[in-house]
Amino acid sequence: TGSAGGVIEAFGSFVVGGSLVVGLVVFMILVVIQFVVITNGAARVAEVGARFTLDAMPGKQMAIDADLGAGLIDEETARRRREEVAQEADFYGAMDGASKFVKGDAVAGVIITLVNLLGGMVIGVVERGLGFGQAVDVYSTLTVGDGLVSQIPALLISIASGIIVTRAAGGSDLGSDIVDQFAAQYQAMQYGGTAVILLGFAPGLPFVPFVVVGGSMVLLSRRLRNRAEAATTIAAAGTAAEAVIDPDDPTQLAAEIRPEPLGLELAVDMVDLVDRNAGGDLLDRVRALRRKLALELGLIIPAVHTRDNMELASGEYAIMLHGVEMARGRAPSGHLLVISERLDELPGPIETEPVFGLPCKWIRSEQRMLAETGESTIIDRASVITTHLAEIVRTNAADLLSRQETKELIELVRQTDPAVVEELHNSDLTMAEVQRVLQELLSESVPIRDIVRIVDVLSERARIARDVPFLTDAVRAALGPSISASNSTADGVLPVVTLDPVLEHRLATSLRVGNSGVDFQLEPNELQAVIQAFRQKVTEVEHRGHSPVVLTASSLRRPLHRLLALTEINAPVLAMDELGPQVRVETQGLITLPALERMNYEPAASLHGA
């Protein structure tokens with residue numbers, strides 16, 4: 001009937017433009033591009049790719065067998081790699097055959113166009129009685145329109161097959177590669193969208209679809225351009241940062257070889273504790289711990305450098321201080337720590353908890369219900385590590401206070417109380433001496449939160465003497481109410497043990513000044529008896545449910561603290577002038593040596609020698 005539909009007729013009329021020669025030229029150009037360039041090229045690439053892939057199969061199979069024989073891979077990996085080689089060969093073989101279908105489709109499109117052109121003119125002249133010129137005009141226009149409408153999808157199919165066949169191996173899938181590469185060509189997308197919009201204004205072509213599609217392409221190109229410009233800016237900043245850091249720079253090398261003040265090393269199988277994607281929250285807990293310890297001690301704890309250590313056994317962790325391992329513990333993956341009086345009812349060997357020395361067991365996570373049936377304390381792995389880390393920091397807080405951090409604390413005081421810092425500078429007290437006083441306080445478990453009062457006392461007492469023990473005792477006396485409050489119970493009761501007057505007099509008369517300060521110089525058996533008396537009385541009071549404080553004279557406090565610390569007797573030592581008026585002293589016992597006067601003295605020995 002000579003009716004091919006409005007789209008084909010409009011498309012043909014637009015392309016032909018009143019000249020059959022122009023329409024046929026445009027049509028032949030598309031056919032040549034599709035058939036000669038794209039289809040033949042894709043077919044050749046597919047053929048060569050299939051040939052080379054098949055030729056390389058024996059070598060790849062031999063390489064897999066060699067790796068398997070050498071023990072570099074296991075049987076499962078070898079089987080998977082053989083399947084990948086077979087799939088690769090099947091893919092290129094199939095693409096070689098598929099390119100023949102695409103090539104045949106292009107040939108069929110040319111033949112169909114010729115049949116439509118010749119057959120249409122015969123039907124128009126013979127059956128419909130049209131003149132030859134009129135038949136050529138009608139059927140050539142419709143044939144060119146139909147040929148172009150059908151050749152455009154065929155051209156897209158040919159381009160798609162060419163892309164698949166000629167794609168080089170990449171790390172991602174084909175779809176992601178195509179999207180990324182198209183997104184990178186936002187200018188071409190902008191030009192294409194503009195051209196599609198202009199086609200919508202052509203006579204006879206549908207206006208709305210062309211404008212919608214073209215406008216969408218233009219908007220998408222603008223968004224892609226903005227994203228590309230942002231990525232370029234970030235990359236330039238990263239490149240500039242990398243250019244600044246020279247790996248051979250002596251400053252950079254010095255920073256790399258310098259040990260971290262505080263470090264946490266984890267076994268390889270414990271990395272899940274720091275992986276947020278796997279639910280690990282160890283890093284967040286460490287940050288919270290730093291804040292808690294800062295509020296508790298008044299010391300800004302250095303950042304904890306966390307890394308994995310392949311030398312650690314499975315489930316182990318190590319806490320490092322200035323590059324030296326201070327403690328090591330276990331936190332096996334998939335386990336929970338249980339502290340209970342009924343450990344015998346739980347599976348697994350009994351171990352010792354690293355912080356408080358309590359008996360414990362590590363059980364599997366799925367056995368949690370078994371442990372919850374009794375009166376047990378169940379602790380997860382991250383809590384075990386952070387608790388152990390907190391104890392190490394409290395014990396070694398003095399070593400974590402550097403000269404720089406001391407200066408920063410003084411600068412904080414300057415911001416709120418500049419007159420106090422000015423007075424400190426006028427006293428000629430050096431930063432090293434201030435640091436040593438603060439370290440002395442931290443080593444005796446005295447927080448330095450009230451740094452303003454500490455600096456005020458130091459600036460005042462430094463005019464009398466600059467001896468560090470003297471300055472430390474003066475600061476302790478000023479902080480006495482807070483020290484005694486921190487060791488008292490919730491209702492303000494301070495449980496203390498005192499020294500028998502005879503023992504106190506004997507210790508006072510044995511004080512001698514040595515290289516490490518003031519020490520007791522007692523006979524070995526007498527010193528051992530004193531240590532045993534302190535340990536026995538402190539243990540006795542602890543069994544009654546109290547945490548005792550040893551109360552003594554100011555002159556004995558420092559050497560007595562050193563004695564108890566060296567012998568690992570966990571009891572704070574307070575001087576009489578450190579008692580705050582708000583606490584209520586409650587005596588829990590008296591430390592005596594009944595046989596003190598009957599001892600057979602041996603040659604004198606200092607505490608240091610003992």
Give every residue pair that meets the side chain to side chain donor-acceptor pair (under 3.5 Å) criterion with at least one member in residues 292-306, sequence neighbours excluded. E296-R394
Does a donor on one side chain sit under 3.5 Å from an acceptor on the other, for S383 and R285? yes
Cationic N near anionic O, under 4.0 Å, [X] to [Y]:
{"X": "R287", "Y": "D284", "result": "yes"}
{"X": "E540", "Y": "K537", "result": "yes"}
{"X": "E265", "Y": "R307", "result": "yes"}
{"X": "R80", "Y": "E83", "result": "no"}
{"X": "R414", "Y": "E411", "result": "yes"}

Flag, side chain of [X] to backbone of [Y], donor-acceptor distance under 3.5 Å:
{"X": "Q582", "Y": "G492", "value": "no"}
{"X": "H543", "Y": "V541", "value": "no"}
{"X": "E351", "Y": "W362", "value": "no"}
{"X": "R466", "Y": "E433", "value": "no"}
{"X": "S365", "Y": "G334", "value": "yes"}

Going through the distances and angles, do L262 and L321 end up as a side chain to side chain contact (heavy atoms under 4.5 Å, CB included)? CA-CA 5 Å; L262 190 61; L321 192 68; 3.9 Å; yes
Result of checking R562, R558, R476 against E440 for salt bridge (Lys or Arg N to Asp or Glu O under 4.0 Å): R558
So if I apply the side-chain contact (heavy atoms from CB on, under 4.5 Å) rule between L507 and each of V502, L522, T552, which one comes out positive? L522
Among I448, I454, V455, exactly one meets side-chain contact (heavy atoms from CB on, under 4.5 Å) together with L409. Which residue is that? I448
Would you say that I591 contacts T498 through its side chain, given a criterion of any heavy-atom pair below 4.5 Å between the two side chains? no
